[in-house]
Protein chains: 2
Amino acid sequence: MSTQTQSRPRAQNLADSVYQQLKSELFEFQLLPGDRFTEGEVADRTGASRTPVRQALYRLQREGFLAVNFRNGWEVRPLDFDQLDALYDLRILLEQTSIRRMEKLSAEKMNWILLPLEARWKVDPARRSSDARQIASWDEEFHCSLVAASGNPEFVRVHAEVTDRIQIVRRLDFTQPSRIAATYQEHASMLDALRRGGFLEAADQLATHIECSRVEARKLTLLKLQHARREFVSDGGSTI
Amino acid sequence: MSTQTQSRPRAQNLADSVYQQLKSELFEFQLLPGDRFTEGEVADRTGASRTPVRQALYRLQREGFLAVNFRNGWEVRPLDFDQLDALYDLRILLEQTSIRRMEKLSAEKMNWILLPLEARWKVDPARRSSDARQIASWDEEFHCSLVAASGNPEFVRVHAEVTDRIQIVRRLDFTQPSRIAATYQEHASMLDALRRGGFLEAADQLATHIECSRVEARKLTLLKLQHARREFVSDGGSTI
DNA sequence: AGCCCGTGTTCTGTATACAAGAGGGTATCC
DNA sequence: GGATACCCTCTTGTATACAGAACACGGGCT
């Protein structure tokens, strides 16, 4: 396995450490879309020098989170809902394809994949978790498992990239109890379909499931941004 | 358009310049899979200092071309045919999906997409190009056009990444005249199918077309590597 | 009042100096 | 003779110094 695909790479470099700190600040909305800053500021804040900071910043730039203005500072890239839609579309494609390909799996492997997911999602409503962060993590695990079942490591890698890119809006989806309930119900329903060999049915449900999540996340993101800064400007397009 | 998706970014930084030089050396087999080198060597060779060199090296690392050994130099990652197969698989998925979605395009847009491709590929055999590099470039253009027709910029971006990653073996496919002829024939056939609305048919042809290319490229890569270094070692797996 | 030009500050891009650890070779000991 | 421990060299990781360009501000001119 290559270094970049390790699930939780324990930072041994300062660069990785700074990278993870910045990413967490992005996800926690401590760095808001449109915010501008300099390398020196980040260096001071993290205690590292500009060298590893730059390494982290350029990585985040290539991943699409930041943008650098030539000799004129950095900025958090505004949320582009068109791009997020495109990423959701790609995510659906990868997950649907993976589900459809599960048809070729042996019953044994199939069972091996479904069992842990059923244990997590087919539980009594009274025993469900309500911790948004926990649910978000489990949800990601659910969808990654489906893609992993495809057996194609590149599917997994790209899917993980896409997931990371949309996580900033997706995780908000689990702040509403009704959405958590829907997630439990829809995951259980998909698992049922897979159990009885309804791969196409499961794939259809998946698309609907993700689409709903996308729409909800979009709404919640707009609300969250309005709270994070009382005023926000729209440049006339779908970017904020 | 984001910086990273510019088709041919004219390097204004030394880092980009070094990046492109190294990548070209990789594609030209001047840097062979398994080769080891240090940052200082690259700095001397390119005339830049270690700072931009490191930026370029880390970029190539995250793109999967290189690997860094902690305080112990860099190496060109060996060709992993399993990974290449996975990448081909992903490429087929993206292109097939794009083709199937062309069904929803208006006749006008469809024509706008097909016309330049037909002008290039539906030509008299006597007027065909035989320049491997030229054909490789046109072939890439052909497949990228199909994905671009999907209208999803993220499809395009990921497809471009994948294409870049497999280019090192794919371009060898056009060193054989028979393969060039097959490429012309198959592209023309697919364009015909698309003209008469046979989207599924075209998608099927595409998969076969890419599969053939993959198998041929694999064979030729092994030959090329044997020529580039008289001896080569296999570590028992499918990596070289 | 408005516009233009020059200057100064600031920030990134690049080069270089320094630190720390991994690997190999050699000498020594058993 | 073989194995082990030590030391030296080499390489990356990190910090800092320097250069060049972009922007902002202010003064002078029309």
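The chains referred to below are lettered A, B, ... by the order of the sequence lines, with proteins before strands, and numbering in each begins at 1.
- Within the 3.5 Å criterion, the main-chain N or O of B:R133 finds no donor-acceptor partner in the side chain of B:S137.
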Under a 4.0 Å heavy-atom criterion, the protein footprint on nucleotides 6-14 of chain C, written with B, S and -, is -----SBBB

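- B:D164 and B:K23 are joined by a salt bridge, as a carboxylate oxygen and a charged side-chain nitrogen come within less than 4.0 angstrom of each other.
- The outermost nucleotides of DNA chain D lying under 4.0 Å from heavy atoms of chain B, listed 5' to 3', are D:dT11 to D:dT14.
- Classification of A:R218 and A:D173 as a salt-bridged pair fails, no side-chain N sitting under 4.0 Å from a carboxylate O.
- With values rounded to the nearest 0.5 angstrom, B:L87 atom CG is found 6.5 Å from B:I166 atom CD1.
- Salt bridge A:R45/A:E41: absent, no basic N to carboxylate O contact under 4.0 Å.
- In this structure a side-chain-to-backbone donor-acceptor pair under 3.5 Å is missing from B:S17 to B:N13.
- Remark: the backbone N or O of A:A86 is paired with a side-chain donor or acceptor of B:N152 at under 3.5 angstrom.
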